[in-house]
Amino acid sequence: MREPGAGDRDRRPRGTLSAAGRGARVPGAHPHRRRRDRLARPGADLDQERPLRADRTNDDDADRTTHDDTDRATHDDTDRANDNDIEDLLRRHAPQVLGALVRRYGHFDPAEDAVQEALIAAAAQWPEDGVPENPRGWLIRVASRRLTDRLRSDEARRRREETVAALTPADAFVAPPPGEGPTGQGGRAPSEDDTLTLLFLCCHPALTPAAQIALTLRAVGGLTTAEIARAHLVEEATMAQRISRAKRAVRGAEFRRPEPEDRDRRLAAVLQVLYLIFNEGYTATAGPDLHRTDLAREAIRLTRSVRRLLPHEGRVTGLLALMVLTEARTPARTGPDGELVPLDEQDRALWDRTAIAEGTALAEEALTQGPAGDYQLQAAIAALHDEAGRAEDTDWPQILALYELLVHRTPDPAAALGRAVAVAMVHGPRAGLVEVDALAGASGGHYRLDAVRAHLLERAGDHDAARTAYLAAADGTLSEPEARYLRARADRLAL
């Protein structure tokens with residue numbers, strides 16, 4: 001397997017490296033406008049299955065995966081040589097390679113550029129020459145050499161040797177650096193733990209939530225700056241500046257796992273960022289599309305990666321269960337013309353039963369992994385919705401009991417609104433309206449509150465008031481599919 005020379009740097013890949021639903025790009029290649037805290041959509045008025053925003057909880061330390069698992073995965077990779085498999089292989093390795101370079105050299109920006117060059121070289125060579133025996137080691141070796149070449153070229157000859165010495169880790173004099181040397185003969189395959197460490201870096205406390213999301217999608221998710229900008233309806237130049245500021249903010253931060261006393265808080269930030277990415281993908285807060293499949297699937301993929309590293313962490317298992325159970329309903333969420341279909345009107349035969357079985361098993365497992373936290377409780381609620389063959393079969397008393405536990409744990413208005421809907425389904429719409437009215441101050445006039453109120457007023461037979469509330473909700477959302485749905489409900493009541 002040859003390594004790329006200088007002439008390969010400008011070679012373009014023969015195939016594409018785009019994920020399903022995305023444009024052509026390289027994984028990890030070069031978003032988010034300020035978001036309002038969103039209430040969940042627990043009410044039948046819009047889409048009861050919308051996951052809630054979970055707050056952070058504390059759990060015990062989780063186990064790490066072993067190097068043996070990583071080595072087995074590396075050797076399995078050698079059997080995959082078609083374009084799609086190479087694309088998947090590069091996407092999986094990209095954050096690990098970046099993590100290895102940042103850990104070794106400590107230069108985030110140039111390391112990212114070097115990884116890009118290595119990915120482009122691999123995309124051009126591997127379809128023709130075959131996948132190397134150790135693809136991750138190959139990428140790290142090529143990226144390391146590109147990075148050192150770049151750093152050396154920036155220095156005068158007088159300082160070149162000093163720069164190289166400063167960048168060389170101490171153990172390089174006694175053992176090959178990560179990814180170099182044959183496995184079993186002194187070579188050390190880089191641990192996949194670097195992916196989680198990179199996530200911790202991207203969710204550094206010095207960054208705003210918007211910056212954390214943008215940097216995570218860029219460095220770990222592999223989305224291009226243009227893709228991230230489109231996902232958040234901002235100009236590409238604006239997003240590029242946001243990502244650049246985020247990189248500057250973490251420049252100099254030590255590339256390591258947080259200390260045990262800080263781990264729970266930092267892990268909660270990582271999971272919250274992944275959940276926000278999923279939430280935006282599942283129901284876009286603005287624009288013409290209800291669902292951003294690429295963002296939702298990317299969040300699930302990254303959460304699966306975290307779970308592989310922390311398989312016994314209940315929060316991670318619960319979050320993955322919640323995402324899988326929620327995404328399973330996607331095929332039934334829209335009609336033939338893209339119109340929103342609320343949960344109680346969806347054709348449940350279209351739901352992904354394989355995903356529901358997986359999500360239910362994950363939800364059950366999450367409840368055995370320590371005290372039930374926000375994600376675990378939300379996953380249990382989602383499982384109860386998914387297990388009902390018909391809307392009228394939904395176990396609303398059990399859902400209400402779970403919401404009682406959830407609102408006791410968190411002051412989140414979304415959880416309280418979900419409880420109000422459950423109260424209405426168990427005790428009647430008038431009882432639910434009392435709960436909704438009590439939330440008016442806490443929610444700050446959020447349009448989801450108006451939407452739930454409109455639905456309950458309609459169920460109670462007060463059509464004039466329901467129509468007014470539907471129109472108020474339609475005026476409050478930036479999502480075009482939601483606005484169309486809400487106005488259609490209002491128009492129907494005017495007949």
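This chain uses plain numbering: 1 for the first residue, then up along the sequence.
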So, do Leu486 and Asp450 sit near enough that their side-chain heavy atoms are less than 4.5 Å apart? no

Test side chain to side chain contact (heavy atoms under 4.5 Å, CB included) applied to Tyr375 and Leu320, Thr317, Leu271, Val316, the passing residue: Leu271

Please evaluate residues Thr334 and Leu340 with respect to the criterion side-chain contact (heavy atoms from CB on, under 4.5 Å), reporting the C-alpha separation (whole Å), side-chain torsions for both, the decisive distance (0.1 Å), and the verdict. CA-CA 5 Å; Thr334 55; Leu340 186 152; 5.8 Å; no

Any side-chain heavy-atom pair of Met425 and Arg459 under 4.5 Å: yes

Quick one, Ile399 with Val426, criterion side-chain contact (heavy atoms from CB on, under 4.5 Å). Give me CA distance, side-chain angles, the key distance, then yes/no. CA-CA 10 Å; Ile399 289 175; Val426 174; over 6 Å; no

side-chain contact (heavy atoms from CB on, under 4.5 Å) partners of Ala361, counting only residues at least two apart: none

Under the 3.5 angstrom rule, does the side chain of Arg419 hit a backbone N or O of Tyr403 as a donor-acceptor pair? no

Donor-acceptor contact below 3.5 Å, side chain Gln369 vs main chain Arg315: no

Where do Leu207 and Ala249 come nearest, in terms of heavy atoms and distance? CD2-CB, 3.5 Å

Nearest 0.5 angstrom please: Glu387 CD to Gln398 CD, how far? 10.5 Å

Checking the side chain of Thr368 only, and the main-chain atoms of Glu365 only, is there a donor and an acceptor separated by less than 3.5 Å? yes

Which residues share a side-chain contact (heavy atoms from CB on, under 4.5 Å) with Ala460, sequence neighbours left out: Pro429, Arg430

Summary of salt bridge (Lys or Arg N to Asp or Glu O under 4.0 Å) pairs that have at least one residue in residues 196-208, sequence neighbours excluded: none

Sequence neighbours excluded, the answer for side chain to side chain donor-acceptor pair (under 3.5 Å) partners of Glu458 is Tyr470, Arg489, Arg492

So do the side chains of Arg409 and Leu405 get within less than 4.5 Å of each other, counting heavy atoms only? no

Are Leu400 and His427 side-chain neighbours, meaning at least one heavy-atom pair lies under 4.5 Å? yes

Quick check: do Gln212 and His204 have side-chain heavy atoms less than 4.5 Å from each other? no

Residues forming a ring pair (Phe, Tyr, Trp, His ring centres under 6.0 Å) with His291, sequence neighbours excluded: Tyr282

In Å, rounded to the nearest 0.5 Å, how long is the span from OG1 of Thr303 to CG of Leu310? 11.5 Å

Please evaluate residues Leu198 and Phe108 with respect to the criterion side-chain contact (heavy atoms from CB on, under 4.5 Å), reporting the C-alpha separation (whole Å), side-chain torsions for both, the decisive distance (0.1 Å), and the verdict. CA-CA 10 Å; Leu198 187 59; Phe108 194 103; 4.0 Å; yes

Side chains of Pro205 and Arg265 in contact at under 4.5 Å (non-hydrogen atoms): yes

Gln378 vs Leu406, test: side-chain contact (heavy atoms from CB on, under 4.5 Å). Steps then yes/no. CA-CA 8 Å; Gln378 291 182 63; Leu406 189 58; 4.0 Å; yes

To the nearest 0.5 angstrom, please state how far the CD atom of Glu254 sits from the CG atom of Leu201. 11.0 Å

Go through the structure and list residues passing side chain to side chain donor-acceptor pair (under 3.5 Å) with Asp393, not counting sequence neighbours. Arg390

Give me the atom names and distance for the closest heavy-atom approach of Arg348 to Gly389. CD-O, 3.5 Å

List the residues meeting side chain to side chain donor-acceptor pair (under 3.5 Å) with Glu358, not counting sequence neighbours, and say none if there are none. Arg304

Counterpart residues, salt bridge (Lys or Arg N to Asp or Glu O under 4.0 Å), relative to Asp475 (two or more places apart): Arg487

Among pairs that include at least one residue of residues 461-471, which meet salt bridge (Lys or Arg N to Asp or Glu O under 4.0 Å), considering only residues two or more places apart or in two chains? none

Sequence neighbours excluded, which residues qualify as side chain to side chain donor-acceptor pair (under 3.5 Å) partners of Thr330? Glu327

Hits for side-chain contact (heavy atoms from CB on, under 4.5 Å) against Ala111, two or more places apart or cross-chain, chain-then-number order -> Leu98, Leu101, Val102, Leu147

If you round to the nearest 0.5 Å, how far is CG of Asp347 from CZ of Arg333? 15.0 Å

Which atoms form the tightest heavy-atom contact between Ala372 and Leu367, and what is the distance? CB-CD2, 4.0 Å

Please examine the side chains of Trp396 and His385, heavy atoms only from C-beta on, and report whether any two atoms are closer than 4.5 Å. yes

Pairwise distance CE(Met323) to CG(Leu274) - rounded to 0.5 angstrom: 5.5 Å

Distance-only, no hydrogens or angles: does the Asp412 side chain make a donor-acceptor pair with backbone N or O of Ala414 under 3.5 Å? yes

Closest contact, heavy atoms only, Ala328 versus Asp386: CB-OD2, 4.4 Å

Whether the side chain of Glu435 engages the backbone of Gly432 through a donor-acceptor N/O pair (distance < 3.5 Å, no angle test) should be reported. no

Roughly how far, to the nearest 0.5 Å, is OG1 of Thr208 from CG of Leu215? 10.5 Å

Can you tell me if Thr360 uses its side chain to pair, donor with acceptor, with the backbone of Ala357 under 3.5 Å? no

All heavy atoms of Leu449 vs all of Ala440, minimum pair found to be CD2-CA, 3.6 Å

Looking at side-chain heavy atoms only, is the closest gap between Pro481 and Arg484 below 4.5 Å? yes

By side-chain contact (heavy atoms from CB on, under 4.5 Å), Thr468 pairs with (sequence neighbours left out) none

Name the residue from Leu89, Val115, Leu90 that meets the side chain to side chain contact (heavy atoms under 4.5 Å, CB included) definition with Leu139. Leu90

Please find the pair of heavy atoms, one from Val421 and one from Val452, that lie closest to each other, and give the distance. CG2-CG1, 3.8 Å

